[in-house]
Participant: 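Got a structure for you, written out below as structure tokens; questions coming shortly.
None of these values were measured; they are calculated from a predicted model. Letters A, B, ... mirror the listed sequences (proteins, then strands); counts begin at 1. Heavy atoms only: backbone and side chains are in, while hydrogens, waters and symmetry mates are out.
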2 protein chains.
Amino acid sequence: MASRAKATIFDIAREAGVSKSTVSLVLQGSGLIRPETAVKVRKAIEDVGYVYNRGAANLRKAHSNVIGMVINDLTNPFFAELAVGMERVFQSAGIVPFIANTAENPVRQEEVLKSLMEQGVAGLIVSPARGTTPGAFRRLELAGVPVVFAMRRLPESRIPVIAPDNHRGAYLAAAHLIAKGHRRLAFFGGTSDLVVYQERLGGFREACETLGISARDVLVVEGETNRRGGLACLETALTMAEPPTAALCFNDAVAFGVMLALRKRRLEPGPDFAVVGFDDVVEAEHYMPALTSVAVDTAGLGERAAHVMLKLIQSRTTRAEDHIGAVNLVVRESCGPDLRTRNRPTGTRGAA
Amino acid sequence: MASRAKATIFDIAREAGVSKSTVSLVLQGSGLIRPETAVKVRKAIEDVGYVYNRGAANLRKAHSNVIGMVINDLTNPFFAELAVGMERVFQSAGIVPFIANTAENPVRQEEVLKSLMEQGVAGLIVSPARGTTPGAFRRLELAGVPVVFAMRRLPESRIPVIAPDNHRGAYLAAAHLIAKGHRRLAFFGGTSDLVVYQERLGGFREACETLGISARDVLVVEGETNRRGGLACLETALTMAEPPTAALCFNDAVAFGVMLALRKRRLEPGPDFAVVGFDDVVEAEHYMPALTSVAVDTAGLGERAAHVMLKLIQSRTTRAEDHIGAVNLVVRESCGPDLRTRNRPTGTRGAA
DNA sequence: TTGATTTATTGGAACGTTCCATTTAATAGG
DNA sequence: CCTATTAAATGGAACGTTCCAATAAATCAA
């Protein structure tokens, strides 16, 4: 049925008895062609087993319709959720976004960005890898490719950012722990080369200062932003002379790691050590105990990022405003009962 | 520095004082050009801020270097793990794979496949969405684009498949439950339009028959292949007159849902109802209780699929052998103690 | 009928590469 | 010094589209 070599608009034209230009117009859904002609052409398209060559088209057209999503850690369900939010928006705009994973590796990221540029993407939504150098996106800017950062930002970059209110989220979480009666707090996971880290840690510190926790009672342990990092952080913290009794974790993955480490030491997350996460991934609700976490409306941020991208592409510009998403603390069970009432003989708890 | 319009090899040629052909040769790393010339050209490339136009090149070249991964559910960490395995292989081959998500939606899948074809992919690794029609991949075949199925297969398709030994995995799991003393078993989640489902259910049934469980003591509840599906399945099962005491779940996501539903009813996964998952995602180990699951070496299968794809592309063919990966049952805590010794006065359990 | 206008269709140039066939330059053999 | 050989560089055609300007056909106004 279909010939060996792939069919082009010329083959269609011959088959339908029209010119290549007519075929092209039909492909673009132009209203200029007579309906009967269009039908004839469309039939020919089917018959010859034609597949549109977007590369060739992009040679003439100003813009491609490809949008890339560059994600630093696809195995973190948080980013998968983010991706899904974006896809929803792009789908309704008739765009298929391509996702690429950098695995938190700046070198890999460089390759990915290069490849996407060569592919002629119309725009890029990026959650930059840890340790990304400031110049990594210069080429994109020079080429006039719109870029939006999602969730993470770069130190001194003019690229628009869509991210949650990290400072406030961390403040809320720390305030919650303090209100629960904790006096020695820790911040677990993440590294200071991440702007997000500074924001979250900043909010955490501000809460401590404002609410009367002395600086020497707050412990900061840097680490990987995954389960393994959380495990390591807790181990480190427990070697201290006066270990903390509660921790705000950089993200939920770290928090899961901390809970795991507690279990390994036969400590119960909640009663024995309070844990708060950040991101509120779906798993948070389903853990044992359910994780108290800062919810950031992941899918919503993804949608927002996608919308900003579409607007950038349409307006043919590369600048846009940042968007800081609202956050709220979802209190579950991982912080245990109120410490201030813990040792009093209330009798309410003690059955189990 | 860089001009407004994007630079082409002609701009480089002018800058370096050579011809466009020379530039092209340098770009391809041809050994024909004098080293000094190459250096000169490479400098010019930097200076004009050139980005290679792969679309234009593909117009002449036979094959593009883009490989697409089409995945039915990116939020399932299992597929993220699979993707990561593939990426490892492609990376070392200098290829950046593009991932696209179909969200288990055949219509979306059709769009995604079309878009990838138009992009001129060199090959496609696909985990087909549920309800994919047999003809969905005909166009790909006609166009001679190599396709490999990962994890899932289509009823009557000649496309090579990389998948775990589903039948054996399910058999092992069921045998384990039976050895534990369970006599009324259930299979939860998945739908019969999935070949994988038939394979897993087949293994499950065979174990039951072989090991003396009567057919009317096995309950099969179809459902979504995610947490929500698991929840629903358990609810359905518990409405039975003689409900099962153990279930093999279609995958880990379903198993997590089942455990959740048990908790909601104040039942303890393990002692009160045995649960086995399938896939052994990383979370399985970290759940409370840790989930007994059939491990399938996800990343390994991903690597295998990627290798098969590379071979297909090189050999310019479209047929290859299937590859069935080994499986093994990882016993953890979600099946509780041995039922046959449960009611005897051992005294070991009873404290909590 | 004639020219003006509208409606459909068309040929050709252009997009940025690669690759082949040539040309030019450099080197060697006599 | 001339020719044969090798090495290096080049011009032109081709890839499959789009878009513009131009043509052809049909309709309309007078």
Participant: Write down the distance between CG (A:L32) and P (D:dC20), rounded to a whole number of angstrom.
Facilitator: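 In whole Å, D:dC20 P lies 12 Å from A:L32 CG.
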
Participant: Please compare A:K61 and B:P35 by the position of their nearest nucleotide in DNA chain D and report the one closer to 5'.
Facilitator: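 Here B:P35 is the residue nearer the 5' end.
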
Participant: Can A:S24 and A:Q28 be counted as having a side-chain donor-acceptor contact under 3.5 angstrom?
Facilitator: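 Indeed, the side chains of A:S24 and A:Q28 share at least one donor-acceptor pair under 3.5 Å.
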
Participant: Please determine, for the side chain of A:R34, which listed nucleotide (C:dA8, D:dA9, C:dT17) has the closest atom?
Facilitator: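 Selected nucleotide: C:dA8.
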
Participant: B:K20 side chain: which of C:dT9, D:dG12, D:dT10 is closest?
Facilitator: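 Of C:dT9, D:dG12, D:dT10, D:dG12 is nearest to the side chain of B:K20.
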
Participant: Salt-bridge test for B:K20 and B:E15: reply yes if a basic N is under 4.0 Å from a carboxylate O, no otherwise.
Facilitator: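 B:E15 and B:K20: not salt-bridged.
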
Participant: Side chains of B:N53 and A:E118: do they bring a donor and an acceptor to under 3.5 Å?
Facilitator: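 A:E118 and B:N53 do not have a side-chain donor-acceptor pair below 3.5 Å.
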
Participant: C:dT18, OP1 or OP2 - any side-chain N/O from B:S24 closer than 4.0 Å?
Facilitator: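 Checking B:S24 against C:dT18: at least one side-chain N or O falls below 4.0 Å of OP1 or OP2.
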
Participant: Scan A:I33 against the nucleic acid and name what it touches under 4.0 Å (heavy atoms): base, sugar-phosphate only, or nothing.
Facilitator: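 A:I33: backbone/sugar contact only, no base atoms under 4.0 Å.
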
Participant: What integer distance in Å separates B:L27:CG from C:dT17:P?
Facilitator: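 From B:L27 CG to C:dT17 P: 8 Å.
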
Participant: Given C:dC19, C:dT10, D:dC19, which nucleotide is nearest the side-chain atoms of B:Q28?
Facilitator: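 Closest nucleotide among those given: C:dC19.
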
Participant: What integer distance in Å separates B:I9:CD1 from D:dT10:C1'?
Facilitator: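 Nearest whole value for this atom pair: 12 Å.
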
Participant: Between C:dT9, C:dT18, D:dT17, which nucleotide has the shortest distance from any of its atoms to the side chain of A:L25?
Facilitator: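 So the side chain of A:L25 is nearest to C:dT9.
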
Participant: Given atom CZ of A:F10 and atom C1' of C:dG11, what is their separation to the nearest angstrom?
Facilitator: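 Rounded to the whole Å, the gap is 10 Å.
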
Participant: If I take atom OH in residue A:Y52 and atom P in nucleotide D:dG16, what distance separates them, rounded to the nearest angstrom?
Facilitator: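 So the OH-P distance, A:Y52 to D:dG16, works out to 14 Å.
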
Participant: Judged by modelled atom types alone, do B:T102 and B:N72 share a side-chain donor-acceptor pair under 3.5 Å?
Facilitator: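 Distance-only check fails for B:T102 and B:N72.
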
Participant: Spell out yes or no: do the side chain of B:R60 and the base of C:dT17 have one donor N/O and one acceptor N/O closer than 3.5 Å?
Facilitator: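 Side chain to base: no pair present.
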
Participant: From C-beta outward on B:T37, which listed nucleotide comes closest to its side chain: D:dA13, D:dA9, D:dT17?
Facilitator: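 Nearest to the side-chain atoms of B:T37, counting from C-beta on, is D:dA9.
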
Participant: Atom CD of B:E36 to atom C1' of C:dA25: distance rounded to whole Å?
Facilitator: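 Distance, rounded to whole Å: 14 Å.
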
Participant: Looking only at the side chain of B:S19 (C-beta and beyond, no hydrogens), which of the listed nucleotides D:dC15, D:dT10, D:dT18 gets closest?
Facilitator: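 Looking only at heavy atoms from C-beta outward on B:S19, the closest nucleotide is D:dT10.
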
Participant: I want to verify a distance call: between C:dT18, C:dT10, C:dC15, whose nearest atom is closest to the A:T22 side chain?
Facilitator: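 Shortest atom-to-atom distance from the side chain points to C:dT10.
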
Participant: What's the closest nucleotide to the B:L59 side chain, out of D:dC19, C:dT9, C:dG16?
Facilitator: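 For the B:L59 side chain, the nearest candidate turns out to be C:dG16.
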
Participant: Quickly work out the B:R54 CZ to C:dT18 C1' distance and round it to whole Å.
Facilitator: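 Taking CZ of B:R54 and C1' of C:dT18, I get 13 Å after rounding.
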
Participant: Atom CD of B:Q119 and atom P of D:dT17: how far apart are they, to the nearest Å?
Facilitator: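 Whole-Å distance recorded here is 13 Å.
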
Participant: Please tell me which of the listed nucleotides, C:dT9, C:dT18, D:dG12, lies nearest to the side chain of B:S21?
Facilitator: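 The answer is D:dG12.
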
Participant: Any luck finding a side-chain donor-acceptor pair between A:E141 and A:T318 under 3.5 Å?
Facilitator: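 Per modelled atom types, A:E141 and A:T318 side chains form no pair under 3.5 Å.
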
Participant: Does atom CZ of A:R319 have more than 12 heavy-atom neighbours, drawn from other residues, nucleotides or ligands, at distances under 6.0 Å?
Facilitator: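 Correct, the count exceeds 12.
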
